[in-house]
Structure formats: C-alpha cells, structure tokens
Amino acid sequence: MTKSDTKHPVKAVSKKELHSREELQKQLEFQKEAVVHINSLYNYALHLTMNPDDAEDLVQETYLKAYRFFNSFERGTNCKAWLFKILKNNYINSFRKNSKEPGKVDYDLIKDFYHSIKDTRTDTTEAEADYFHTLMHEEVYMALQSLPEEFREVIQLCDIEGFTYEEIANMVESPIGTVRSRLYRGRKLLRAQLENYAKKFGFNTETE
Amino acid sequence: MSVAIDGELTLKEEQMFLLHLSECEVCRIEYEDAKKTKMIIREKIVRFKAPPSLVSTIMQLSNIDTKETEDTLL
C-alpha cells in the first residue's frame with residue numbers, strides 16, 4: 001500500500017480532492033436544508049429546557065448529530081421535522097433526567113425565565129382586535145407552559161411550528177388519532193386558562 | 001374540530017363540515033372559539049432568535065468536520 005502511494009502520489013491527491021469536494025457539497029446542502037431552521041430549533045429547545053445555556057447545548061448537539069447522519073436524511077422530506085425529532089431524542093436522553101418532576105409547574109421559574117429572555121424577542125404581528133388582544137404575551141406564555149407536557153408539546157408543534165399531524169405523530173411517536181385528541185383537549189384546557197386570565201384582568205369573556 | 005382548524009380535512013370532508021356549520025350554531029361557536037385560540041397562540045407566543053454565537057458555531061460545524069476527515073486521510 002505504501003509502495004503504491006509513493007509511486008502514484010498524484011492519484012492520492014486527486015482522491016483527497018474528490019473527497020473534499022463531496023464534503024463541500026454536503027456542507028452547502030446542510031446549510032441550505034438544515035441550518036436555516038436554527039431559530040425554530042432554538043425556540044423548541046428553550047421550551048423544553050427552560051434554560052438558555054441548556055438550549056444552546058441541545059441545539060449544538062442536535063446539529064452535530066444531524067451533520068454526521070445527514071446522508072440518512074431522506075431528501076425531499078421535511079428537514080425541519082427530521083431535526084426536531086433528533087432534538088427531541090437528544091433531550092430525552094441527556095436532559096430530562098435532570099429536570100423537574102413531570103406535571104409540576106414552577107411558575108416563578110417560568111416567569112423569571114420569560115423575563116430574562118424577553119429582551120431578545122423578535123417582532124410579533126398583532127392579532128385582530130378582540131378581548132384577547134389585550135392579553136399580554138406573558139399570560140399566553142404562562143398558560144401554555146401550565147399545560148401538561150403531552151398537550152403543550154403537540155400545540156407547540158402544530159400551532160407554532162406548523163407541522164402536519166403526520167409529522168407530529170412521527171415526532172412524538174404516537175398515532176395520528178392520539179395527536180388529534182391531544183390537540184383537541186389541550187386547546188380546550190388552554191382556552192379555559194386564557195378565559196381565567198381574561199377574567200382576572202376584568203375583560204369581558206362572553207362571546208358576542 | 002381540531003382537524004378542521006388545522007386544515008387537515010380532505011376537500012370533501014371540508015365541504016361537509018362547512019355545510020354542517022351553516023346549520024348548527026353550537027358547532028359554529030365552538031369552531032370560532034377554537035380558531036381564535038389557535039390564532040392567539042400563533043400571534044402571542046414570543047419567538048426568540050438563536051444567539052449569533054450559536055449560529056456561527058453551527059456554521060463552522062461542518063468545516064471542522066472536513067478538517068478532521070482530511071487529517072485522518074493524511
């Protein structure tokens with residue numbers, strides 16, 4: 001082997017060049033397909049970890065893994081959904097162990113977290129004018145966070161990230177029927193929460 | 001109801017659903033409420049931007065990887 005390498009150094013170089021050209025192509029495709037979803041992934045990671053440092057770690061780990069297995073990504077399918085699945089798996093494997101007990105909501109923690117990160121928020125377009133219009137962003141955020149995780153998760157994936165039922169079912173590893181009923185029940189809970197907030201602030205909650 | 005809100009009905013199902021709404025006030029109210037709830041979540045949930053440092057780390061990820069592969073080849 002060494003013998004032939006020294007005899008044909010030109011061949012060895014061209015092989016390397018070919019390899020790096022392939023690698024470069026992979027890089028470009030990866031940036032075009034995967035890196036464009038970084039804000040969505042970061043938001044998802046924030047919701048899961050409730051901690052900016054952990055969220056960064058989680059996103060970084062996700063992209064490392066995604067790049068390594070990019071060849072197994074089925075071209076033409078939703079790359080964002082593929083990345084979310086990787087992130088979720090990473091989260092389950094390395095983060096959830098250390099986090100708080102499921103079902104327990106620490107409102108102070110959520111509030112602190114929300115305020116600590118609010119400054120960097122992007123612009124949001126205002127909803128059409130009705131009584132909910134006056135609800136603060138914070139209240140909606142708290143209402144969503146107060147839902148049991150299985151409901152919050154599907155609402156997030158559907159309403160905020162815009163995934164289809166099929167993609168969500170694949171991500172949470174449940175049948176589509178389960179996704180559908182969680183969405184329905186989750187939204188009912190959320191709606192009740194929001195009405196509580198509306199009442200608390202003295203708004204009229206009757207639908208006219 | 002969720003299926004209708006999320007645009008997951010087939011064309012035929014949607015036609016039937018709309019027909020039903022035009023006849024049933026209870027469902028119409030529920031439909032409007034559900035639509036409103038979805039809109040609130042969409043509009044009111046604050047979206048954060050990934051920190052620039054994280055973005056540049058990710059952009060460099062692939063470059064580092066290439067370097068490593070080249071090193072092992074050499």
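Here is the naming used below: chain letters follow the sequence lines, and residue numbers restart at 1 for every chain.
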Nearest 0.5 angstrom please: [X] [atom1] to [Y] [atom2], how far?
X        : Y        : atom1 : atom2 : result
A:Leu183 : B:Glu8   : CG    : CD    : 9.0 Å
A:Gln60  : B:Ser53  : CD    : OG    : 9.0 Å
B:Ile40  : A:Glu139 : CD1   : CD    : 12.5 Å
B:Gln60  : A:Gln27  : CD    : CD    : 11.0 Å
B:Asp6   : A:Arg180 : CG    : CZ    : 10.5 Å

For B:Ser2 and A:Tyr165, the nearest pair of non-hydrogen atoms, with its separation, is O-OH, 3.0 Å

Below 4.5 Å from any heavy atom of chain B, which atoms of [X] appear? Answer side chain, backbone, both or neither.
X        : result
A:Ser181 : neither
A:Leu144 : side chain
A:Glu161 : side chain
A:Val35  : side chain
A:Leu41  : neither

A:Asp159/B:Arg42 ion pair, N-O < 4.0 Å: no

Charged N-O contact under 4.0 Å between B:Asp33 and A:Lys188
no

So, the part of B:Glu30 with a heavy atom under 4.5 Å from chain A: the answer is side chain

Scored by heavy-atom pairs under 4.5 Å with chain A, the best of B:Val55, B:Ile41, B:Val3, B:Leu54 is B:Leu54

Are [X] and [Y] side-chain neighbours, meaning at least one heavy-atom pair lies under 4.5 Å?
X       : Y        : answer
A:Tyr67 : B:Ile58  : no
B:Phe48 : A:Pro52  : no
B:Ile5  : A:Arg187 : yes

Counting only heavy atoms from other residues, nucleotides and ligands, does the tally under 6.0 Å from CD of B:Glu23 exceed 12?
yes

- Whether over 12 other heavy atoms sit under 6.0 Å from B:Glu13 CD: yes

Looking only at A:Val59, A:Ile155, A:Asn39, the option with the highest number of non-hydrogen pairs under 4.5 Å against chain B is A:Asn39

